Amino acid sequence: MGYSNQQLPTSFFERYQGNPILVPDRWPYPSNATFNPAAVRHNGDTYLLVRVEDLRGFSHLTFACSKDGKTNWQIDEEPSLLPDPDFNEERWGIEDPRIVWLEDKKQYALTYVSFSKDGPVVSLALSKDLTQFERQGAMLPPEDKDASLFPRLIDGKYTLIHRPIIRGEAHIWISFSPDLEFWGNHKILLPVRPGWWDSSRVGLGPPPIETDEGWLIIYHGVRLTASGSLYRVGLALLDLEKPWIIRKRSDQWVFGPNESYERIGDVPGVTFPTGTVYDYESDELIMYYGAADSCVCLATARLKDLVAYLLSVPDSSEEGFCT
Ligand code: BMA
């Protein structure tokens, strides 16, 4: 498969000994599950915006904050962001957020999944301070999930990665907008690979990470097995100025369900990363993920190891194509 380096790709990420870091049993108010958090550094602290599933089965979002991003989490006493009754698409809850700092707007962009009888859609909210959020509504039609904006404009356009399901196919797409309102130039970016570990569905994990070699993409890939879906994690590197071009894509997954907290829970066999925090000085990338749709965990890697690994795999021949 073209990868001759001795280090196994699955050894780049090291699980934190204190996993799981956030569990429903120790939540300040009753909840069934706490998982799939957005992650961001703000005023020197790490904030996780955690998906909380209540005891009716509907989700909302609540902040947990820590100085070092690993220990001593302070959780908001009450939900931080509840579904808004003025937005019909949120009637069955809001889920799986991603947050980026939008450099040109000097605001945070929160993309999340809104759920209703019409199916899941990706919604956008903007915030200057992570306290007040201005909802912008649904971005694209259902069925759509797993979305994040890029943190900066690319060729003067806002750029979105998302995962619509079209004719039953669940590929990762990329779309562009001059104003965050009208979206176009839609292209398939990372397709599922029939027969592989990511054959059934793929979806963006945390927001794209800018490196000297390109945008690092951490994505989940799903394989259907006799006992359910297995959610593992793969990597890709997109061209910096033309991110619809895939420079590299890992053949092998780099992370997957292994520990009991990843194998036992509401949905066994799920590792679902949704946020990262990067420390430039130490080169430590902290990846936050939902485990078994039940709790929040973290694993750390060196960003330079991930990029070096991707550079060592053969060039990808796949390039996003217009529909
Ligand atoms: C996806 C999303 C995630 C969930 C995952 C595994 O479709 O709904 O919220 O973690 O399935 O159940």
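Source: prediction; values computed, not measured. Remember, it's 1-based here, ligands and their atoms both numbered in the order they're listed.
Tested against Ile161 for a side chain to side chain contact (heavy atoms under 4.5 Å, CB included), the candidates Pro208, Ser148, Pro207 yield a single pass: Pro208.
Contacts with ligand 1 closer than 4.0 Å are made by side-chain heavy atoms of Lys145 only, the backbone lying farther away. Of the heavy atoms in Val113, none comes closer than 4.0 Å to ligand 1.
Interface atoms of ligand 1 facing Arg51, defined by a heavy-atom separation under 4.0 Å, are 9 (O). Interface of Asp293 with ligand 1, defined as ligand atoms under 4.0 Å from a residue heavy atom, comprises 4 (C), 6 (C), 10 (O), 12 (O).
For atom 3 (C) of ligand 1, the nearest non-hydrogen atom of the protein is Asp96 OD2, 3.2 Å. Atom 1 (C) of ligand 1 has its closest protein heavy atom at Tyr231 OH, 3.6 Å.
Ring to ring, Phe150 and Trp215 are close: their centroids are under 6.0 angstrom apart.
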Return all side-chain donor-acceptor pairs below 3.5 angstrom for residues 17-30, not counting sequence neighbours, or 'none' if the list is empty.
residue : atom : partner : partner atom : Å
Asn19   : OD1  : Leu298  : N            : 3.0
Asn19   : ND2  : Tyr16   : O            : 3.4
Asn19   : ND2  : Tyr261  : OH           : 3.2
Asn19   : ND2  : Leu298  : O            : 3.0
Trp27   : NE1  : Tyr29   : OH           : 3.4
Tyr29   : OH   : His60   : NE2          : 2.6
Tyr29   : OH   : Thr62   : OG1          : 2.7

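With sequence neighbours excluded, no residue forms a side-chain hydrogen bond (donor to acceptor under 3.5 Å, both in side chains) with Asp118.
At least one side-chain heavy atom of Leu306 sits less than 4.5 Å from a side-chain heavy atom of Phe13.
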